[in-house]
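Lettering follows sequence order; numbering is per chain, from 1. Everything numeric in this text was worked out from a predicted model, so none of it was measured.
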Amino acid sequence: MPELPDVEIFRQYAEKHALNKKIKDVEYFDSRVLQTSKQMITTSLKGKELSGTQRRGKYLFLRAGDRYMVMHFGMTGYLVYFKAGDDKPDYAQLILDFDNDHSLAYISKRKLGKIDIIDDIEAYSKDNDLGIDVYDSGFDDFMKAMKNKRGNIKSALMDQSHVSGIGNIYADEVLYQEKLHPGAKIQDLDENKMKSLFNTIQRVFRTAINHKANPDDLPDHYLLPHRSEGESCPDCRGKIRKITVSGRSTYFCPGCQVKG
DNA sequence: TCATTTGTTTCATG
DNA sequence: ACATGAAACAAATG
């Protein structure tokens with residue numbers, strides 16, 4: 001699912017294919033993902049070019065003139081760049097047609113994402129309670145954001161209003177790499193452990209991005225290629241277990257991952 | 001038919 | 001005022 005590494009890949013994809021081409025037309029497919037009027041989107045995009053990309057947490061911002069189109073991908077979203085005459089991708093919610101006979105489609109099979117037009121990324125982030133981007137921050141920022149958190153570490157990592165970008169899948173991976181139990185209490189972790197955790201987040205995301213955010217391409221000693229109940233832990237060969245933490249399916253190795 | 005999936009929001013409680 | 005966490009919601013699949 002689109003977490004930080006996935007959205008970073010989408011950003012690179014848009015950067016590579018969709019910039020500096022005149023937008024001839026905008027196609028809509030009557031979808032609830034639109035957070036603003038069709039007229040607003042058309043006015044902001046048609047006849048213009050996308051001139052840059054930014055990502056914050058799981059959000060992607062595409063610059064057009066002095067505005068941005070914001071995309072959030074929900075559970076099932078992604079981007080497809082395709083040639084005129086090719087079949088339109090299924091489940092497209094919005095398509096930008098460029099003047100080079102190619103198009104960029106925002107796909108959302110389950111329509112759980114959102115698209116908006118905004119003026120200011122900072123203001124938008126504030127309105128949407130979006131914390132710092134965990135991959136674009138240093139340890140000091142991370143600690144500051146985590147300082148007032150209590151409860152279990154997994155929920156804290158997934159709380160987008162403090163540190164944004166980590167979702168259910170990568171939370172499991174980070175905690176597995178860190179040999180930390182998902183239910184560990186954050187107040188039981190000392191500064192050294194937090195530092196180590198932060199470094200692990202950076203490493204896991206860097207590795208994931210280098211592998212196109214495809215979980216099955218990750219190194220074999222990662223959890224994600226083995227993330228289902230009863231599989232063997234790549235480290236100790238014990239059985240991976242599934243539990244529920246904060247209402248989310250959580251996979252971990254009871255042998256390797258300890259509390260605090 | 002219904003449990004499952006995940007990201008987000010909402011709401012009751014501490 | 002603020003944090004937490006449980007529950008609800010979105011849509012589609014098997």
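- A/Lys149 has a side-chain polar atom (N or O) that falls below the 4.0 Å cut-off from OP1 or OP2 of C/dT4.
- Of the candidate nucleotides B/dT6, B/dT8, B/dT5, B/dT6 has the atom lying nearest to any side-chain atom of A/Ile169.
- For the pair A/Lys154 NZ and C/dA6 C1', the interatomic distance rounds to 16 Å; values are reported in whole Å.
- Between A/Phe98 and A/Tyr81, the angle of the ring planes lies from 30° to 60°, which puts this pair in the tilted group.
- The interatomic distance linking A/Asn168 (CG) with B/dG7 (C1') rounds to 9 Å, in whole Å.
- Computed from coordinates, the A/Lys111 NZ to C/dA12 C1' distance equals 11 Å when rounded to whole Å.
- Panel note: side chain A/Asp101, backbone A/Ala84; no donor-acceptor pair is recorded below 3.5 Å.
- Contact of A/Arg227 with B/dT5 (side chain to base): no donor-acceptor pair of N or O atoms is detected under 3.5 Å.
- Following rounding to the nearest Å, A/His162 (NE2) and C/dC2 (P) show an atom-to-atom distance of 11 Å.
- Separating the CZ atom of A/Arg110 from the C1' atom of B/dT6 is a distance of 9 Å, rounded to the nearest angstrom.
- Within the nucleic acid shown, A/Arg150 comes within 4.0 Å of sugar-phosphate atoms alone, with no base atom in reach, counting heavy atoms only.
- A sub-4.0 Å separation between OP1 or OP2 of C/dG5 and a side-chain N or O of A/Ser246 is absent.
- Pairing of B/dT1, defined by two Watson-Crick or G-U wobble distances under 3.5 Å, is not identified with any nucleotide.
- Here A/Lys58 reaches the OP1 or OP2 of B/dT8: one of its side-chain N or O atoms lies under 4.0 Å away.
- Considering only heavy atoms from C-beta on, A/Val70 stays 4.5 Å or farther from A/Gln35 through its side chain.
- Comparing C/dT13, B/dG7, B/dT5 by their nearest atom to the side chain of A/Tyr91 picks out C/dT13.
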Run the salt bridge (Lys or Arg N to Asp or Glu O under 4.0 Å) check on A/Arg227 and A/Glu231 step by step: do they pass? CA-CA 7 Å; A/Arg227 189 178 179 270; A/Glu231 281 235 34; over 6 Å; no
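- Residue A/Lys114 places none of its side-chain N or O atoms closer than 4.0 Å to OP1 or OP2 of C/dA10.
- Nearest-nucleotide assignment on DNA chain B puts the 5′-proximal partner with A/Gly247, out of A/Gly247 and A/Asn128.
- In terms of hydrophobic clustering, with Ile, Leu, Val, Met, Phe, Trp and Tyr side chains grouped at heavy-atom distances under 4.5 Å, A/Tyr59 and A/Ile107 are assigned to different clusters.
- Taking the side chain of A/Ser249 as heavy atoms from C-beta on, and the options B/dT8, B/dT5, B/dG7, the nearest nucleotide is B/dT5.
- Taking atom CD on A/Glu229 and atom P on B/dT4, their separation rounds to 11 Å, with Å as the unit.
- If you check B/dT5, B/dG7, C/dA11 against the side chain of A/Tyr251, the one that comes closest is B/dT5.
- If you check every strand for non-hydrogen atoms under 4.0 Å, A/Thr76 touches nothing.
- The distance from atom OH of A/Tyr170 to atom C1' of B/dT5 is 17 Å, rounded to the nearest whole Å.
- Considering only the side chain of A/Glu3, B/dG7 comes nearest among C/dA11, B/dG7, C/dA3.
- Distance from the side chain of A/Leu112 is smallest for C/dA11 among the nucleotides C/dA11, B/dT5, C/dT4.
- As rounded to whole Å, 12 Å separates atom P of B/dT8 from atom CD of A/Gln35.
- Residue A/Arg248 has its side chain nearest to B/dT6 when only B/dT5, C/dA3, B/dT6 are considered.
- Put simply, the residue from A/Leu175, A/Thr200, A/Val258, A/Val174 that forms a side chain to side chain contact (heavy atoms under 4.5 Å, CB included) with A/Leu180 is A/Leu175.
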